[in-house]
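Notes to accompany the following structure.
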Amino acid sequence: MVVALWENEYMAEPDRSPDRMAAAYYHAGWAIVSHYVGRQAIGISIAPNARGKYARGEPVPKKLPPMTTDEAKRDIMVSLAGGMAEEMYSGGTENAVVSRSDWQRARGNGPRRAWLVAERAIVNENERNSFLNDLAAKVHKVLESRWDFVRTLAEELIYQTVLTERQVRKELSDLPPGVTDTR
């Protein structure tokens, strides 16, 4: 175990296992894009669950609430953000998937939720795929342009495991929200 001095206190070096690091980037990316689309900051955590795994995302509900097109766009962007940030961290920004033709069969809660939300807004499957690909490209661009903030928030999570709503707001206080128009 490595012990280092941070802020005049001796602390053990935090766990930087690949899965924990990926989870930190997942949650940091989610928080950054949530802030970008104007959603209220909430606390984030990389505390392992009862099985010792680092949870990512929420289960996809069986029934989604009614949404306007703009609300659907924001919901989709937030749904895709965590997985995309994790992928960008793990494989580099050039490897992040920003276009796909199989959204309906996509793995992961974020892409599944994105598909379900888009399905309610757009009937034609080709148009829906194009709509989702456009939003995924926008999420990628937002994350890429704010990557220093993603990295900083992920590092805070690595050291603290849990960030309260107040801590997340403080970390994001220098970051202006994006435009609320998600076009």
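Summarising the geometry of P176 relative to H35, their closest heavy-atom pair is C-NE2, 3.8 Å, with the distance given to 0.1 Å. Of all non-hydrogen atoms in R113 and M67, the two that sit nearest each other are NH2-CE, 4.0 Å. Among all heavy-atom pairs drawn from A81 and G29, the shortest one is CB-O, 3.7 Å. Taking each heavy atom of L132 and A114 in turn, the nearest pair found is CD2-O, 3.7 Å. Contact between E86 and A22 at its shortest, heavy atoms only, is OE2-CB, 3.5 Å. Annotation for L80 and P111: closest pair CD2-CA, 4.0 Å, computed over non-hydrogen atoms.
Counted within 6.0 Å of CZ on R166, heavy atoms from surrounding residues, nucleotides or ligands total 12 or fewer; the atom is thus considered open.
Residues W147 and Y89 keep their aromatic ring centres 6.0 Å or farther apart.
Panel note: side chain S145, backbone V142; a donor-acceptor pair is recorded below 3.5 Å. Between the side chain of R120 and the backbone N or O of P65, at least one donor-acceptor pair lies under 3.5 Å. The closest donor-acceptor contact from the side chain of E119 to the backbone of L116 lies at 3.5 Å or more, if one exists at all. Counting only distance, with no hydrogens or angles, the side chain of S173 and the backbone of K170 share a donor-acceptor pair below 3.5 Å. Side chain of Q167 to backbone of T164: a donor-acceptor contact under 3.5 angstrom is found. The backbone N or O of N126 lies less than 3.5 Å from no partner atom in the side chain of S130, so there is not a single donor-acceptor pair.
Contact check on K73 versus D134 returns no salt bridge, with no Lys/Arg side-chain nitrogen under 4.0 Å from an Asp/Glu carboxylate oxygen. Between K53 and D19, no side-chain nitrogen of the basic residue sits less than 4.0 Å from a carboxylate oxygen of the acidic one, so the salt-bridge criterion is not met.
A heavy-atom distance below 4.5 Å is not found between the side chains of L143 and Y36.
I32 and V162 fall into different hydrophobic clusters, defined by Ile, Leu, Val, Met, Phe, Trp and Tyr side-chain heavy atoms under 4.5 Å apart, directly or through other members.
Side chains of R20 and T161: a donor-acceptor N/O pair is present below 3.5 angstrom, by distance only.
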